[in-house]
Amino acid sequence: MSLGQQLAPHLPFLRRYGRALTGSQTEGDRYVRATLEAIVAAPEEFPRSVDPRLGLYRTFQAIWGSTHLDADRDPGDVGLSSENEAIARARLARLAPRSRQALLLTAMEGFTSEDAAYLLDESADAVEDLVSHALSEIERQTRARVLIIEDEPLIAMDLETIVRDQGHDVTGVAVTRDEAVALAMEDRPGLVLADIQLADDSSGIDAVKDILAQFDVPVIFITAFPERLLTGERPEPTFLITKPFQRSTVKAAISQALFFDQATVPAT
């Protein structure tokens, strides 16, 4: 099997990581393209002693490490909108980028602490410390009112519990497209968690499109088929959770989505 064939199944999830890390589909996918270009240009440098997925993320991390947003760079240099620059700058002053990377690699991408340690050139203990720091810092800095669009009662209850435990408020739980739009118009949320397939065979994607036509709000999609929304070939979600999900994954996605949103209210 060629290297390209080995890497292909992992590309959608690398896009998910890149988008969550940058807060942008465009920027995240740009880093993924740069990663692939680096592999094509020098295939002999691709890490062959580890699993192909680890090698792919390791190459991404090398690209990111040479260009990523840190205390010495201007947020505008990497594609953050002018409205978000001040908030991103203030939060990054307290939260090291490596902490966010450690959180996303473990909680969202499912890497073990040992694998994340390899990707970040840290010890496993250091990775666990970084994750703990990221969770405490981001959760302290962000708070929002959340609309949940989910037609499975048990999943909706679980999401509501996670959201409230993280210090956020829930504006409502919708099970259809029309109900979701009505709830959003009645009580404007600061974040939307949206399932793809809803109770009346309507689409969570269409519900979100209707809501975004009225006002801007960060959205996290929840789906059992993430690769369908991570092709890089069209406008796609920046933040996406895979079913079945872990509670830590939802918390990480919420924190990351709010990290880049100018409407977030700092916690007191």
I need the minimum non-hydrogen distance between V181 and A207, along with the two atoms involved. CG2-O, 4.0 Å
Flag the pair L120 / F111 as yes when at least one side-chain heavy-atom distance between them is below 4.5 Å, and no otherwise. no
Taking the side chain as every heavy atom from C-beta outward, state whether M108 and Y17 have any atom pair closer than 4.5 Å. no
For the pair L191 and H168, evaluate side-chain contact (heavy atoms from CB on, under 4.5 Å) and give the outcome as yes or no after the intermediate values. CA-CA 10 Å; L191 175 70; H168 308 300; 5.9 Å; no
If you look at every heavy atom in A107 and T249, which pair is closest and at what distance? O-OG1, 2.6 Å
Separation of D29 CG from Y31 OH (nearest 0.5 Å): 12.5 Å
dist L3:CG -> R48:CZ (nearest 0.5 Å) comes out at 4.5 Å
Is the closest basic N to carboxylate O distance between E37 and R33 below 4.0 Å? no
Using 0.5 Å steps for rounding, measure from the OG1 atom of T223 to the CG atom of L230. 9.0 Å
Between the side chains of Y118 and Q61, is a donor N or O closer than 3.5 angstrom to an acceptor N or O? no
Carboxylate-amine/guanidinium proximity below 4.0 Å for E236 and R19: yes
K243 atom NZ: more than 12 heavy-atom contacts under 6.0 Å: yes
Between the side chains of Q166 and S255, is a donor N or O closer than 3.5 angstrom to an acceptor N or O? yes
In the single-linkage hydrophobic clustering (I, L, V, M, F, W, Y; side-chain heavy atoms under 4.5 Å), do I63 and V40 co-cluster? no
Would you say CD of E227 has more than 12 non-hydrogen atoms from neighbouring residues, nucleotides or ligands within 6.0 angstrom? yes
Any luck finding a side-chain donor-acceptor pair between S202 and D200 under 3.5 Å? yes
Provide the closest heavy-atom pair for A102 versus L130 in the form atom of the first, atom of the second, distance. CB-CB, 3.7 Å
When rounded to the nearest 0.5 angstrom, what is the spacing between CG in L7 and OG1 in T59? 8.0 Å
Worked verdict on I148 versus E160 for side-chain contact (heavy atoms from CB on, under 4.5 Å): CA-CA 8 Å; I148 297 171; E160 186 169 4; 4.0 Å; yes
Any side-chain heavy atom of F60 within less than 4.5 Å of one from L119? no
Quick check: are there more than 12 heavy atoms from other residues, nucleotides or ligands sitting under 6.0 Å from CE of M157? no
Using only heavy-atom distances, determine whether the side chains of T242 and R16 contain a donor-acceptor pair under 3.5 Å. yes
Is the shortest side-chain heavy-atom distance between P189 and V146 below 4.5 Å? no
Side-chain contact test, heavy atoms from C-beta onward, threshold under 4.5 Å: evaluate it for D115 versus D51 and give yes or no. no
I39 and L56, any side-chain heavy atoms less than 4.5 Å apart: yes
With a distance cut-off below 6.0 Å to the six-membered ring centre and an angular limit of 45° from the axis, does R53 pair with Y57 as a cation-pi contact? yes
Keeping the roles fixed (side chain from E150, backbone from I155), state whether a donor-acceptor pair exists under 3.5 Å. no
Working to the nearest 0.5 Å, report the span between CG of L11 and OG1 of T35. 9.5 Å
Using the rule given for side-chain contact (heavy atoms from CB on, under 4.5 Å), can you reason through L159 versus I222, listing the C-alpha separation, both sets of side-chain angles and the distance that settles it, and then say yes or no? CA-CA 11 Å; L159 289 172; I222 305 171; 3.6 Å; yes
Lys/Arg N to Asp/Glu carboxylate O, R58 vs D121, below 4.0 Å: yes
Here the pair of heavy atoms bringing E114 nearest to A124 is OE2-CB, 4.1 Å
Taking side chain as C-beta onward, heavy atoms only, is F225 less than 4.5 Å from I196? no
Within 6.0 Å of CZ in F215, more than 12 heavy atoms from elsewhere: yes
Hydrophobic clustering (ILVMFWY, side-chain heavy atoms < 4.5 Å, transitive) - are I241 and V173 grouped together? yes
Quick test of your reading of the model: are R247 and D158 salt-bridged, counting only N-O distances below 4.0 Å? yes
Where do V175 and D151 come nearest, in terms of heavy atoms and distance? O-CB, 3.8 Å
Is any side-chain heavy atom of I149 less than 4.5 Å from a side-chain heavy atom of D195? no
On a heavy-atom basis, the closest approach of A174 and L183 is CB-CD1, 3.8 Å
Spacing of D178 atom CG and D206 atom CG [to the nearest 0.5 Å]: 10.5 Å
